[in-house]
Protein chains: 2
Amino acid sequence: MATMNDVAKLAGVSVSTVSYALTGVRPVGDKTRARIQAAMDELGYQPNAIARSLASRRTRIIALLFPAIEHGLSGAALEFVTAAAEAAREQGYHLVLWPIGNDEVSETRDLIQQRLADGVVVMEVRLEDPRVTLLGQSTTPFTLIGRTAEPAGLDHADIDFDATVAGAIDHLVELGHRSIAFLSRSSASRDSGYGPAVRTEEAFEKYMTDRDLPVVIRHCEGTADAGRTALTELTVAHPDLTALVTMNDPATFGAMAELLDRGHRIPDDVSVLSIVSSPKVGALSHPRLTTMCAPGTELGRLGVTSLIERIEGTQAAPLHELIPCRLDVQATTGPGPFASGRLEHPQGGT
Amino acid sequence: MATMNDVAKLAGVSVSTVSYALTGVRPVGDKTRARIQAAMDELGYQPNAIARSLASRRTRIIALLFPAIEHGLSGAALEFVTAAAEAAREQGYHLVLWPIGNDEVSETRDLIQQRLADGVVVMEVRLEDPRVTLLGQSTTPFTLIGRTAEPAGLDHADIDFDATVAGAIDHLVELGHRSIAFLSRSSASRDSGYGPAVRTEEAFEKYMTDRDLPVVIRHCEGTADAGRTALTELTVAHPDLTALVTMNDPATFGAMAELLDRGHRIPDDVSVLSIVSSPKVGALSHPRLTTMCAPGTELGRLGVTSLIERIEGTQAAPLHELIPCRLDVQATTGPGPFASGRLEHPQGGT
DNA sequence: TCGGAGTGTCGAAACGCTTCGACTAACCGC
DNA sequence: GCGGTTAGTCGAAGCGTTTCGACACTCCGA
């Protein structure tokens with residue numbers, strides 16, 4: 001494997017000149033540059049990434065911290081990771097995966113101290129997140145995908161849950177719905193301070209209250225069976241329900257199955273709108289599910305790009321970006337059982 | 001940030017002794033070791049990963065090569081990547097993601113020459129794969145997840161498509177089915193030499209022929225709509241069809257929707273079995289889909305573990321592992337419309 | 001005509017580790 | 001009691017870059 005020394009010898013210059021030719025830190029004469037280029041081509045030279053990192057104290061490696069267990073945004077997660085890796089590569093960086101249990105926070109400290117990464121992207125951030133606390137105490141640049149309870153001083157990009165929920169409610173209300181329930185994640189997830197659960201529920205309550213509509217929120221484990229049970233209980237407690245906002249893919253499918261089993265038509269009797277989901281998942285249901293699609297790709301790119309700017313000192317403004325989910329209207333949302341008039345909502349749908 | 005030098009000074013020994021205490025390459029006296037340990041604790045010392053890599057010519061980094069586009073085993077891919085990253089970390093290695101288009105093969109060469117990674121895991125291997133050719137010419141250790149047309153000399157782990165298809169057919173034949181169609185990936189995918197498509201189709205043909213059963217294979221794009229169309233055409237051409245083996249999640253859901261729309265009951269009239277899928281996906285359908293679950297986690301671990309053995313020279317035998325998908329019987333496979341006798345299959349099901 | 005401001009290049013000193021050869025003591029079998 | 005191991009330690013030479021200070025030129029305005 002050719003080294004810089006070999007190139008320098010072949011080109012008849014010193015190693016430092018080769019380095020300058022490569023990095024552009026200092027000017028190099030045209031003729032010299034050409035000779036160096038020729039030598040590099042001849043030897044098939046590629047700079048050794050590790051040596052470069054050691055000398056420059058910059059590794060061009062970004063660590064992606066993610067809890068291996070519990071993939072909240074499961075569908076979007078792969079998209080997200082892929083987008084992050086691509087964005088990194090485009091800018092000459094590498095992305096290393098740091099699968100870390102939520103308990104093994106000390107590993108985060110090791111990661112930082114090993115100086116393997118120039119910066120860190122944190123996924124699946126919790127409202128109170130010890131990893132973030134740790135990073136905050138270090139000098140390592142980092143960005144959050146998601147956000148803590150108090151994210152003001154931190155670089156972060158997250159789903160705009162507020163706008164997403166508002167959009168979901170708007171869509172249904174425009175169709176004439178008044179009695180809308182929210183099928184959320186498990187209460188355990190909520191209680192542990194899982195941001196998406198907390199924020200969507202708050203937003204749902206706010207926007208429904210703003211409209212003087214009743215607030216019905218149901219927690220549900222992430223299984224189809226739990227979804228069935230939840231739906232049964234919901235319809236018993238609220239027989240006039242005409243629409244369901246969900247944030248729980250397996251439960252959504254379970255709930256829809258239960259609806260069909262009970263002889264309800266979708267969307268003629270009940271509309272279903274799954275938020276923080278993806279068209280890919282939506283495509284699997286029958287009828288095809290109306291979703292609000294999590295911006296995994298955008299968040300991945302944004303997190304990495306912004307982190308790199310931070311590392312390189314070119315960051316203009318701190319990253320405080322909230323991206324709403326995009327509405328993808330398919331076949332599970334419709335005017336509901338009161339289509340004719342659409343002025344008043346009928347009491348007692350189902 | 002404390003360096004080894006600081007530790008050595010504080011402990012009153014030379015740096016090389018500290019290094020030996022850390023790596024165990026040469027013995028160190030108990031008292032000395034204790035002093036060194038104390039010094040490390042006091043300083044909060046963590047060895048600098050980059051410096052270590054440069055000096056030892058071992059980075060403890062593994063590159064995961066994956067084409068960002070077209071995630072064949074989409075559902076399993078995240079699982080796979082996570083498992084690979086975890087396995088790596090357990091053994092003190094890091095996993096870096098190398099999202100590389102199938103065209104940008106030259107990037108593979110750069111990757112190798114930069115000496116950033118000690119070894120490479122290749123995902124989504126094609127029957128003729130230029131990346132593999134390139135790696136074969138280098139001295140870099142690598143393992144394949146998947147395999148080329150002639151994988152004999154190469155370390156690889158893959159799904160045992162043969163056994164998987166055999167298992168699928170067995171399951172259906174035991175239930176009494178005789179007229180079974182295979183809904184595969186797109187013909188483009190097959191023609192481009194996508195291993196899973198090629199191998200499952202060959203296996204399907206073989207095992208059906210072995211049993212003197214008709215071979216019906218239908219290619220299908222990966223969308224629900226394509227699945228609907230495919231199903232329509234299949235039932236027209238083969239009205240006696242009682243079972244469907246599929247390897248195409250979106251198309252499977254489309255086909256099932258079409259079946260229901262046409263008034264067929266699942267599994268009473270037609271059974272559906274999705275192979276190289278996952279229970280997670282299966283849980284979304286109604287009725288719940290019987291699947292054969294892709295061993296993403298196992299493959300991820302296996303690929304990384306074996307690669308590390310290879311790197312460290314402790315590999316006993318070459319990696320030639322084929323793992324079949326595990327059958328997860330749910331609600332979409334059953335005896336079919338000929339349950340009563342189960343000896344002869346009736347002509348003309350539908 | 002001279003000082004100063006670029007240009008272009010070089011040599012050497014890092015960067016923080018591993019590893020090699022050498023050396024000292026202690027211990028062994030005979 | 002003597003050569004031969006073995007345990008334990010040290011100093012120094014890398015690993016392949018980047019970066020700093022220095023130096024030699026050329027060019028330009030005063």
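Within every chain, numbering begins at 1; the chains are lettered A, B, ... in the order of the sequence lines, protein sequences first and strands thereafter.
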Under the 3.5 angstrom rule, does the side chain of A/Asp118 hit a backbone N or O of A/Arg58 as a donor-acceptor pair? no

Counting N and O atoms only, with roles assigned by atom type, does the side chain of B/Thr133 sit under 3.5 Å from a partner on the main chain of B/Asp129, one being a donor and the other an acceptor? yes

Sugar-phosphate or base contact per nucleotide [nucleotides 16-25 of chain D; S, B, -; heavy atom under 4.0 Å]: BBBBBBB---

Are there over 12 heavy-atom neighbours, none belonging to A/Arg35, within less than 6.0 Å of that residue's CZ? yes

A/Glu312 atom CD: more than 12 heavy-atom contacts under 6.0 Å: yes

May I have the distance from [X] (atom [atom1]) to [N] (atom [atom2]), rounded to whole angstrom?
{"X": "A/Lys9", "N": "C/dG11", "atom1": "NZ", "atom2": "C1'", "answer": "15 Å"}
{"X": "B/Ile50", "N": "C/dT18", "atom1": "CD1", "atom2": "C1'", "answer": "15 Å"}
{"X": "B/Ile36", "N": "D/dG8", "atom1": "CD1", "atom2": "P", "answer": "12 Å"}
{"X": "A/Leu116", "N": "C/dG16", "atom1": "CG", "atom2": "P", "answer": "15 Å"}

Would you please test B/His94 and B/Arg89 for side-chain contact (heavy atoms from CB on, under 4.5 Å) and show each step? CA-CA 6 Å; B/His94 307 300; B/Arg89 196 175 63 105; 5.8 Å; no

For the pair B/Glu90 and B/Arg301, find out whether any cationic side-chain nitrogen is under 4.0 Å from an anionic carboxylate oxygen. yes

